[in-house]
There are 2 protein chains.
Amino acid sequence: MGIPASGATTLADVAARAGVSLKTASRAVNGEQHVREETRAKVLSAASDLGFQLNSSASLLARGIASSFVGVVTGDLANPFYAMLAQGAASELRAHQLSVTLGSSDESSAQEEVLVDELARRSVRAVIAASAMTSHAPYAALQRRGVPVVFVDRAPTDLDADSIVLDNAGGARAAAEHLLAGGHRRIAFLGDFERLPTYRERLDGFTAAMDAATGAVDAGWRELVREGAHDPEVAARVTGELLDAANPPTAIFASNNRATLGVLRELARRGDTTTALVGFDDFDLAEVLGVTVVAHDARAMGAQAARLVVERLADPRRDTELVRLPTRLVTRGSGERAPRA
Amino acid sequence: MGIPASGATTLADVAARAGVSLKTASRAVNGEQHVREETRAKVLSAASDLGFQLNSSASLLARGIASSFVGVVTGDLANPFYAMLAQGAASELRAHQLSVTLGSSDESSAQEEVLVDELARRSVRAVIAASAMTSHAPYAALQRRGVPVVFVDRAPTDLDADSIVLDNAGGARAAAEHLLAGGHRRIAFLGDFERLPTYRERLDGFTAAMDAATGAVDAGWRELVREGAHDPEVAARVTGELLDAANPPTAIFASNNRATLGVLRELARRGDTTTALVGFDDFDLAEVLGVTVVAHDARAMGAQAARLVVERLADPRRDTELVRLPTRLVTRGSGERAPRA
DNA sequence: GTGAAAGCGCTAACAC
DNA sequence: GTGTTAGCGCTTTCAC
């Protein structure tokens, strides 16, 4: 029973037991070169006997490295979009010996600010953020300290940093064009918080399509633009209001997965099977429900963000990059419903 | 422009600039007592001028603390169950100055073992694991080193550790009883990997209900038990096979959310609206689709696991605890379909 | 191939 | 209230 009762097994203990110097033990444990195979085996066996584990704080400190953690800031992991993003980032970072530490802002600027401070205090090596903030000052502070920040899904407005976003305008325009081509003229736009760049870009793409179809289009389409539908509950309520109005839309474009969920709930509640629907973001049951969506790859986005982190870590002075990922329209029926006569 | 070009601003720099000793600077920065307000302000202002940030490795090392990270091991964040679990754990741990670091095993024992090793190397303070392993030796090694391990969803079989699980048997029994009460006699059981304790417990609960109804029940129900339906694709295929058989089930109990998804896809594909369905695990669109489920609170489970971590950190010698969380049947239609004549 | 000494940046004692 | 002196456990020169 050579296992020590309480923690504190140090490299020195291992070295002593193996009858070598501290440095040799270090070399062996870290898999460095210039150690005879025999010596290495002796050290490793001693380490295993003692249940030794390198103290990562000491190791990082001696090496002059701050940490091996990358902070990932998202809205809420309950949203599969963020979960996939985090997953993609984590698996890519693992390949570079980096770990992910999580933080959820719940889309609150205040909470996000606290979170970023916390990450700074924990000396994270870099940060990947799907930021809900309008001013990115806390991130600027991180950057100045040499901590790379990569923005995902939403590019920063007042900061020069790597970012990776979706082709929001293109996706939204494709959705609108699809509905227009199907003969719809009264198309509602269900947007997220107005302050988010994704909201604006998607509305821009939507607007472009609607404007291009002008003449054919009821000029009143702008009355059907709604914002603030960040969660399903609000989206459902807004959908109800739209459909109860005097001149209701014949189609709805839900500009994110939570909004789509809300629309689906409201349509189901009232047994509405005629209103057409296209959603931004794909989801597990979209096929079962026959929901046409603007799809993209959140996991790839996370992985790509991780790659940007690694590259900037390697070369802090390279030019910042803005990567725009494509979307694609997946038709499944809900977007192909004909407008009510 | 007092901002240093490259990293390395240390407490010593701050102390020098503030004209105080290293220790006083440390006290001020750490918000300790016994520092005059005036001195504290001076130090804090110097720190802010220099863009100083405490080096957490050095701080932890000096304090004799391994780290402030808790590793959370799950199958795959794409599964909302795990995402909620992680979220619940993270927010509870934050209240105790602990951060979460993520790892996905993809339900592979080998990958999970690598992951646990990695966590050990990163000197995590504790681990919360939804383990897919049958032998928990790697976790035992962690425990011996004084790193608490809390098991969630699946209790360890060969290890004494805190764990928090669902009332799997109770939930499954309730589901079976509900279908039996509805007149179903041929009820299929769609299980996850056989090696998982959740599989076994849910099958046990299911079996109890079926056996209790013996006499009324077709003795052949055991032929309708399937395992290995871990992902939607397999679940869909198995569902198809069951329904294509000579004497198909009139109802299906899908023993987890991925299985339910697969069943829904297959039922939708073949336009089957008569086969009854109850799923274990609630999901966003269950109400829209009218799916009856055995519901529970994954977020609470994560939070509870975090609480167990904190308690054991505070008192490593307390008796290990097994917490069992309740489930509840939520009826929405799919479980109330009458058996085919 | 191996080892001795110095020090990473910080905090814990213990003075003052 | 503030400062001084030792380390925390490890990795790095640079010798041997």
Side-chain angles (χ1 to χ4, degrees), chain A residues 4 6-44 46-47 50-68 97 120-125 145-146, chain B residues 4 6-44 46-47 50-68 97 120-125 145-146:
Chain A
S6 74
T9 322
T10 74
L11 234 203
D13 301 335
V14 174
R17 183 181 238 261
V20 299
S21 80
L22 192 55
K23 180 57 204 170
T24 302
S26 168
R27 277 200 261 258
V29 164
N30 286 299
E32 284 171 31
Q33 297 188 317
H34 305 303
V35 186
R36 215 190 315 153
E37 248 337 300
E38 195 187 319
T39 316
R40 180 192 307 284
K42 209 166 48 181
V43 172
L44 259 31
L50 296 171
F52 169 79
Q53 200 66 34
L54 216 50
N55 177 320
S56 64
S57 292
S59 172
L60 290 170
L61 175 59
R63 240 191 284 250
I65 294 172
S67 93
S68 58
Q97 340 287 359
R121 211 168 323 136
R122 300 223 186 289
S123 310
V124 289
R125 191 84 178 281
R145 259 178 236 127
Chain B
S6 73
T9 323
T10 73
L11 234 202
D13 301 334
V14 174
R17 184 180 239 260
V20 298
S21 80
L22 191 55
K23 180 58 201 170
T24 300
S26 166
R27 279 199 261 257
V29 164
N30 286 297
E32 285 172 31
Q33 296 189 318
H34 305 303
V35 185
R36 216 190 317 154
E37 247 338 299
E38 195 187 319
T39 315
R40 180 191 308 282
K42 208 165 47 180
V43 172
L44 260 30
L50 297 170
F52 169 78
Q53 201 65 34
L54 216 49
N55 178 321
S56 65
S57 293
S59 171
L60 290 170
L61 175 60
R63 238 191 286 249
I65 294 173
S67 94
S68 58
Q97 339 288 359
R121 211 168 323 135
R122 298 225 187 288
S123 310
V124 290
R125 191 83 179 282
R145 256 179 239 128

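Throughout, a chain's letter reflects where its sequence line sits, starting with A, and its residues are numbered from 1.
- Closest-nucleotide positions on DNA chain D for B:Q33 and B:G64 were compared, and the one nearer the 5' end corresponds to B:Q33.
- Comparing B:A12 and A:A25 by the nucleotide of DNA chain C whose heavy atom lies nearest to each, the residue mapping closer to the 5' end is A:A25.
- Under the side-chain hydrogen bond (donor to acceptor under 3.5 Å, both in side chains) criterion, B:T24 pairs with B:S21, sequence neighbours left out.
- The distance from atom NE2 of B:H34 to atom C1' of C:dC14 is 14 Å, rounded to the nearest whole Å.
- Applying the 4.0 Å criterion to OP1 and OP2 of C:dG3, one finds that A:S21 has a side-chain N or O inside that range.
- Residue A:S57 has no polar side-chain atom (N or O) positioned under 4.0 Å from OP1 or OP2 of D:dC8.
- Judged by distance alone, the side chain of A:S123 and the main-chain N or O of A:S67 form no donor-acceptor pair under 3.5 Å.
- Rounded to an integer number of Å, the gap from A:L61 CG to C:dC8 C1' is 4 Å.
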Table please: side-chain donor-acceptor pairs of residues 28-38 of chain B below 3.5 Å, with sequence neighbours left out.
{"residue": "B:N30", "atom": "ND2", "partner": "B:S26", "partner atom": "O", "Å": "2.9"}
{"residue": "B:N30", "atom": "ND2", "partner": "B:S26", "partner atom": "OG", "Å": "3.4"}
{"residue": "B:E37", "atom": "OE2", "partner": "B:R40", "partner atom": "NE", "Å": "3.3"}

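- Remark: C1' of D:dG9 and CZ of B:R121 are 18 Å apart, rounded to the nearest angstrom.
- Among residues two or more places apart in sequence or in another chain, the side chain to side chain contact (heavy atoms under 4.5 Å, CB included) test is passed with B:A47 by B:V14, B:F52.
- The side chain of B:T10 contributes no N or O atom lying less than 4.0 Å from OP1 or OP2 of C:dC8.
- Applying the side-chain hydrogen bond (donor to acceptor under 3.5 Å, both in side chains) rule to A:R63 yields the partners A:S59; only residues at least two apart in sequence or on another chain are considered.
- Taking atom CD of A:Q53 as the reference point, atom P of D:dC10 lies 10 Å away to the nearest angstrom.
- Rounded to whole Å, atom P of C:dG1 lies 15 Å from atom NZ of A:K42.
- Under the rule for a side chain to side chain contact (heavy atoms under 4.5 Å, CB included), A:A41 has no partner lying at least two apart in sequence or in another chain.
- Taking atom CD1 of residue B:I65 and atom C1' of nucleotide D:dG9, one finds them 15 Å apart after rounding to whole Å.
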Can you give one letter per nucleotide of nucleotides 11-16 of chain D, 5' to 3': B if a protein heavy atom sits under 4.0 Å from the base, S if only from the sugar-phosphate, - if neither? BB----
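- Note: CG (B:D13) to P (C:dC8) measures 12 Å, nearest angstrom.
- Side-chain contact annotation: A:S68 with B:R122, donor-acceptor N/O pair under 3.5 Å present.
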